[in-house]
Amino acid sequence: IGAPIVGLWYWCTDQYIVQRALAAQNLTQARRGTIFAGYVKLLPLFIFIIPGMIAFALDSRGKLIEGQTVFTDTASFNQAFPVLVKAILPVGIRGLVVAGLLAALMSSLASVFNSSSTLFTMDIYKKLRPDSSEHHLVWVGRIATGVMVVMGLAWIPAMALVSDALYEYLQKVQAYIAPPIFAVFFLGLFLTRVNGAGCMAGLIGGFVLGMSRLAAEIYRTRLEGTFLQGLATVNFLYFCIILFVVSVGLIVVVSLLTAPPAMERIRSLTYATATAEDRRATRASWNRWDVIHTCVVIGLILIIYWYFSG
């Protein structure tokens, strides 16, 4: 249950993804681009997981690097892909794979830093200084990007304290960040009673709880024998579910204790307040092929979950 929470947060609210959907010319293109991305997103299973399984199987039989055991502990699992490329692929293909990997890495980093700097510049800085010129905002965005690069580099040593495996680290951190954001998005779609105060309470409370778990996990060796040991050691996917439930509770309770949002502010933003014109525009943007491909993607995901859960 915890994994879909992270997945829906990534696909529906992460600026890295949302900015691409917003760049579409119309709803039809946005929907079909998203469906195509759903097909493509199935490939990481074969790009990340399957090669690691192959590398481990070859290494356990002594066929990856003759006379040498590569995977001696969990930290060495991060070397699965580069060792597999170096040991198995021929020289020409090896160069193409490395070039493609570096190109994808640079593209992803550029998108992440662009999204982050845009959020800071437009949603925070511009509201503090609304009279800033476009030229000034561009420089602020560049400085914000530089600061985020430095902060990212400074955080690298702390990554090993969370997990020796890089992929597991990524999943853990996302599980500590995603639930409050997804809770706001999910409730905002279906409940007209949710207001800004409730959403802020859920976001802040969820963020504090998530970062508390991250800090507890980093210092888990110092928490042995204390009541915080459970916070540090509970499975991160179980914690993701707990954090989601707590965030939903905060949002609902605070929203009910404060004034409801004005109807004109949420018109066309929830399913309940969608106008007849909105429904007609949405219905005109898809056909049976969109439904078929959506069902195929969902079916493939369920098959993968079923196969690997055994």
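Distance check, rounded to the nearest 0.5 Å: CG of Leu137 to OG of Ser132 gives 5.0 Å. We find the CZ-OG1 distance between Arg20 and Thr34 to be 11.5 Å, quoted to the nearest 0.5 Å. For the atom pair Arg32 CZ and Asn26 CG, the distance stands at 9.0 Å (nearest 0.5 Å). Atom NZ of Lys41 is separated from atom CZ of Phe36 by 13.5 Å, given to the nearest 0.5 angstrom. Put simply, CZ on Arg280 and CG on Asp278 are 9.0 Å apart, with the number rounded to the nearest 0.5 Å. Interatomic distance, Asp131 CG to Lys126 NZ, rounded to the nearest 0.5 Å: 10.5 Å.
Although no hydrogens or angles enter the test, the distance criterion places no donor-acceptor pair under 3.5 Å between the side chain of Thr121 and the main chain of Thr118. Asn287 places a side-chain N or O within 3.5 Å of a backbone atom of Asp290 that can act as its donor or acceptor partner. A donor-acceptor pair is defined here as one N or O able to donate and one able to accept, closer than 3.5 Å; no such pair exists between the side chain of Ser247 and the backbone of Ala183.
Considering every non-hydrogen atom in both Phe120 and Ala144, the closest pair reads CD2-CB, 3.7 Å. Across all their heavy atoms, Ser285 and Thr282 have their closest contact at OG-O, 2.6 Å. The minimum heavy-atom distance between Gly202 and Leu250, with the atom names listed, is CA-CB, 4.1 Å. When all heavy atoms of Ser255 and Ile251 are compared, the pair lying nearest together is OG-O, 2.7 Å. Residues Leu243 and Gly206 approach most closely at CD1-O, 3.5 Å, considering heavy atoms. The two atoms that bring Val6 and Ala178 nearest to each other are CA-CB, 4.1 Å, heavy atoms only.
The aromatic rings of Tyr176 and Phe239 sit perpendicular to each other, their planes meeting at more than 60°, with 30° as the lower class boundary. Between His293 and Tyr39, the ring planes are perpendicular. Angles over 60° get that label, and only those under 30° would be called parallel.
A single hydrophobic cluster is not seen to contain both Val138 and Ile143; linkage of ILVMFWY side chains at heavy-atom distances under 4.5 Å, directly or through other members, places them apart. Linking Ile, Leu, Val, Met, Phe, Trp and Tyr residues whenever their side-chain heavy atoms come within less than 4.5 Å places Leu42 and Val296 in a single cluster. Both Tyr219 and Phe236 are members of a single hydrophobic cluster when ILVMFWY side chains are connected at heavy-atom separations under 4.5 Å. Cluster annotation: Ile177 and Trp155 are assigned to the same hydrophobic cluster (Ile/Leu/Val/Met/Phe/Trp/Tyr, side-chain heavy-atom contacts under 4.5 Å, transitive). Put simply, Leu269 and Phe186 are part of two different groups of oily side chains (I, L, V, M, F, W, Y) that touch within less than 4.5 Å, one to the next.
Within 6.0 Å of CE in Met200 there are 12 or fewer heavy atoms belonging to other residues, nucleotides or ligands. Annotation: Phe207, atom CZ; neighbour count of heavy atoms from other residues, nucleotides and ligands within 6.0 Å does not exceed 12.
For the 3.5 Å distance criterion, the side chains of His135 and Trp139 qualify, holding a donor opposite an acceptor.
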*Might you work through the side chain to side chain contact (heavy atoms under 4.5 Å, CB included) test for Ile124 and Leu119, ending with a clear yes or no?*
CA-CA 7 Å; Ile124 298 177; Leu119 288 172; over 6 Å; no
_Intermediate values then yes/no, side chain to side chain contact (heavy atoms under 4.5 Å, CB included), Arg213 and Val234_ = CA-CA 9 Å; Arg213 159 62 192 241; Val234 65; 3.0 Å; yes
*Assess whether side chain to side chain contact (heavy atoms under 4.5 Å, CB included) is satisfied between Phe182 and Thr13, documenting all intermediate values.*
CA-CA 7 Å; Phe182 172 66; Thr13 67; 5.6 Å; no
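The side-chain heavy atoms of Phe185 and Ile181, taken from C-beta on, include no pair separated by under 4.5 Å.
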